[in-house]
Amino acid sequence: MGVGSVKEVGPVQAEQMVLNIGPQHPSTHGVLRLKVKTDGEIVSEVIPYIGYLHRCFEKHAESITYEQVIPFTDRCDYIASMNNNFGYVVAMEELMDIKVPERVEYIRIIMAELNRIASHLLALGVYGLDVGAFTPFLHMFRDRERILDIFELTCGARLLYNYMWVGGVSHDLPRNFESICIDFLDYFEPNIPEFNELLTKNKIFIERTADVGVMPAEVAISYGVSGPNLRGSGVKWDVRRDEPYSIYNKFDFEIPVGTGEYGTLGDCWDRFWVRMLEMQESCKIIRQALKTIPEGGDVHAMVPKKIRPPKGSIYRRTESPRGDLGYYIISDGSEIPFRMKMRSPALTALSVLDEISAGWMISDVIAILGSLDIVLGEIDR
Amino acid sequence: MIVDYLIDLIPFAADWPGLVFVSVVVLCAVPVFMFIAVYALVAIYGELKVSSFMQDKVGPMGQGVGLHAGKWGLLQPIADALKLILKEDIIPTTADRKLFILAPFIVFIGAFISMAALPFSQTIIVADMNIGMFYILAVSSLGVLGIILAGWSSNNKWSLYGAMRSAAQIISYEIPAGLSIIGVIMLTGTLSMQGIIEHQTGFVWGILPNWIIFQNPFTFLSFFIFFISGVAECNRTPFDIPEAESELVAGAFTEYSGMRYAFFFLSEYANMFVVAGVAVAGFLGGWQSPIPGLMDSPGWGLFWFMSKSLFLIFLMIWFRWTWPRLRVDQLMSVCWKGFIPIAFVNIFGIGLWKLIIG
Amino acid sequence: MRAYFTTIWESVSTLITGMAITWRHMVNIRKGSVTLQYPEERWPRPERDIGFDQGEYNVIRSRLHVDMDDCIGCLKCERVCPVDCIKIETHRVDKGEDIPDVGHTGITSNGTKKALLVTRFDIDMTECCYCNLCTYPCPEECIYMTGGPNSEKHQIDYEFSQYDRNDMVYRFAKETSEEQVAIATGENGEKK
Amino acid sequence: MTSDQDTFIADAVEKALAGDMDAINSIEDRSIRGKAKAALVKAKRAAKAEQKSESSEESQGGGTPEEKVVQSSLSALLSSVYPDEIIEILNEGKVVQLKPQKWNEIATFFRDHADALLDQLECLTGVDLGTEEPLQVRYNLHSMKHRHKIEILINADRVKPEIPTVETIWRMADWFEREVYDMYGIVFTDHRDLRRLLCPEDWEGWPLRKDYEEQESYHGIVVPKVKEGWE
């Protein structure tokens, strides 16, 4: 119970209290420790301490073969494993100059977008929990379960898929996939307005999130914040559209950006709202993909049994539900990566926390942290 | 009433007044305690089930005794209570031991002795004091003392935050609640609970019950202000910032476990009942039937009082599982900028109404 | 003043809208409930219309099983495992000969003649990451996750929980003493 | 293997190259099918290599013509302003290796110059090039306005690795530099808060260096090298 050091704030001597939020705390979304300096309820400084979930992904990747890395990418961002697989295989295929069959590209995009919806559902639901609303959380989990069912149907796993391989996917889609997927979309899309009525447009929720934790666009770019957090600040930037990978340029989808409808541009509500709209866009992409997916054919490109990329390096980023997920892969021509760096979007999102939450209350710090949608598995890797 | 009745019953009351008084108080206290315990089990079960249904799940279920939670999960609250009682009682080494032990009882006593003035029916009331309403408002504030003690003695920052928030909140929300009650007292001209209820006898035009809530538009508003302030005094969502689990872990109760935690739990539910009971007595006609001629014999009084109170408790549960939580400063501004001005306008309006119309 | 009342109106209306939604869910619980009464009801395996040879597509992630009669001891699964949870020891024996003493069959169900006696095939399921990588390279398809295409042979087991951590190490090879191995391997006795 | 089989495989591969993959997929025997697939891969690779050598002049450089212009213009801009700082321009101007001394100045120039406007630091990677080689830090820069990118490489001495910080220029570099310091021990001079990021404060050694040796024990906890009974 140490009381913080006495620090001079202006002309008045105020005693600051140091508060440890975490590593075990209900709303740190994992094992994160925030050292918060407070003056009463007002927070003057937030210092995140990370590394409690550090599993040496990068060191470990230097001792296993390229295909063995994929199960470990699953475990980095365990909420959106498909997208992590996707980023890795896109980078690897670019490095090895592999062209995968078109059906594989479609399958990958369907899976990645489904996982994006699942990830956003979790982010939004848990955010509701952070601001005290319990029911939307379980409603969203109910729908997320159905997406996980689809994944289980496809690849047997519900959370950590190891589904996308270099040069293909592990299994073809089952024949009843399309009807099940359409069923889900028909069921899910009408639920989004209900979430909005229950939570997004709720006055208490708006009061808690609008104008809170404003992140201006310049700050966001400078901190490397990406994905829905950046778009919440009004920057129309999406790797899927601006640096198209796979076959995203074939699909027609909007990039929702924050508008500051209820408060200032770039506040927590905008970030929340962007995620809500993105789920609709993902539904649109999935519907298009299901309509045009080519039938039949092998789902594995011609890849040598032992993956030995040519000597060289590549940095490729893809759009994960949390933002720009980059892989920096350096190959020395052997079957083991020479260097594997994962640029995780949640790490940059967490680094901006101190900047945007100083001066707010403890409750707001929790709300801001939740709106950044961090996953500690990805931050610590 | 019951107290008076019992004292009259004992023939040698005049000889040993002290002894008789003490035994009568004990005789009354035991049933009230039993009532709170049973009611809390029902309320916890209700809360579990209602919350589950709202979240598209079925809540505690089972096949029978010994198998999970009994038929429809009816044994779940009993299992919860047993678990809490049997759990190890942990007192942190750095805690202020005496205060730490004392705090849960103070909180519980506040809720417990408020029950003494609640008119369950025409006859079932422990003591119908002539200052009944005032008494309830006074002693129900005792709970905040216990919460502050709990927060301070735990020697934990989360607890301290919870306690301070709780104190600020309860003290603030006493004001709109009290101001709303003033309107009732202006109309009835009495502080006695039974007197207030008797004032609400009869029906307007033979249909609309002559309850205070329906007597004029200002009292209608008053009821909601009183009820929502009451929700805030019970620390229920959306005003549960003292124990906001996503921010303060468990607020003032972070360090408590087992039996002591159960007491906080019990007093939260008891407080809910007190708030609901006062709202029913003050605005909703107490133990009187809402429909002319339907079950309005005195024996049905308990039924009507309980069903009205439980309905209000259901409302509180409904609030909790629908809405997010307010922030601490918003909570204050809702109180000081929203409720208190409206409450003052209400007093003024009720007075004018009484002067001009009634 | 106007803003004051607008705010109040907005608050009341949005809060009541929310309450209406939860009410709707509460009264329609019979239709909307998604609960599975777990020990009585099990999670149904999704209906899967694969439409191609199931032997090639082991679409399940559950506990691993090895058909030891078919294992030729090629170590492919051990090598590919990213978490090193598989441990195999083999000894050279006469090709294609049955050795009933140590439970060794000479020829697999695919017709391959075995040249190695597998004396140890341990899988530590506490470490398994269910990535399914080991089942693909197996030339005899003898290592697989139970409950998939081979579900007739092995009932799916959700929990496979144990009271002792060591019981999670599945030992598939028949226990053999050193003498037995020495007799079985004969002059080929070097350990591989 | 009979010559009969060989011709059968060759047939199937030819068909597959013509676009009829079913010819291979329909082979009943697993082993023959595998061989056929392997042969197909070989054939395709040979075809690709041929194609490449033919069209190497057009295909390299990548991307659309405009992109190429922008790419080269960034490195050209750099070589016109800071000719002495450049060690090497690699990969058609997409990658530039710089000397560390003036890196901070160049970074500011890159961020603020109207033709560069590299306002986003995509990624900051530390690399250990080998036990005898120097350490390296790689910066992937990107402009949100011009939509062009460049990669900067800066080497650091292995014994006393020091690189100027760009933490104030791109705030993202704050934590990424801390991570590189944590993993490689590269000191970013003038960094305001250079602490370990992921490892504990009292961790010994720089884990991602190629010559890193694991600790025997940490705070009395023995680090298991080999799993018990799994030798």
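These numbers come from the heavy atoms of this one structure, side chains and all, not from hydrogens, waters or symmetry mates. Here is how names work: the chains are called A, B, and so on, in the same order as the sequence lines, proteins then strands, and each is numbered from 1.
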Using non-hydrogen atoms and a 4.5 Å limit, figure out which bit of A/Phe177 sits close to chain C: side chain, backbone, both or neither.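 Nothing of A/Phe177, per the 4.5 Å heavy-atom cut-off to chain C.
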A/Leu160 versus chain C, heavy atoms under 4.5 Å apart: side chain, backbone, both or neither?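 Just the backbone, heavy atoms under 4.5 Å.
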Atom of A/Ile70, atom of A/Thr73 and distance for their closest heavy-atom approach: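 Shortest heavy-atom contact: O-OG1, 2.6 Å.
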Count the heavy-atom pairs under 4.5 Å between each of C/Pro137, C/Pro82, C/Gly18 and chain A, then report the option with the highest count.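 So the answer, after comparing C/Pro137, C/Pro82, C/Gly18, is C/Pro82.
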Of the listed C/Thr22, C/Thr7, C/Leu133, C/Thr17, the one with the largest count of heavy-atom pairs under 4.5 Å with chain A is C/Leu133
Is the NZ or CZ atom of A/Lys201 both under 6.0 Å from the centre of the six-membered ring of A/Trp273 and within 45° of that ring's axis?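 Here A/Lys201 passes the 6.0 Å and 45° test against A/Trp273.
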Could you walk me through whether A/Asp74 and A/Asn85 pass side-chain hydrogen bond (donor to acceptor under 3.5 Å, both in side chains), step by step? CA-CA 6 Å; A/Asp74 277 342; A/Asn85 287 177; 2.7 Å; yes
Is it true that C/Arg79 and A/Glu335 make a salt bridge, defined as a side-chain N closer than 4.0 Å to a carboxylate O?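 No, this pair does not count.
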Do any of residues 57-66 of chain A have a heavy atom less than 4.5 Å from a heavy atom of chain C, and if so, which, in residue order?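 A/His60, A/Ile64, listed by number.
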For residues A/Asn83 and A/Asp77, is any side-chain donor paired with an opposing acceptor at under 3.5 Å?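 Short answer, no.
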Within the 3.5 Å criterion, strictly below it, is a donor on A/Thr264 or A/Asp211 matched to an acceptor on the partner's side chain?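 Side chains of A/Thr264 and A/Asp211: pair found under 3.5 Å.
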Could you tell me if the side chain of A/Phe195 sits less than 4.5 Å from the side chain of A/Leu121, heavy atoms only? yes
Residue pair C/Lys76 / C/Ile143, side-chain heavy-atom distance below 4.5 Å: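 Not in contact.
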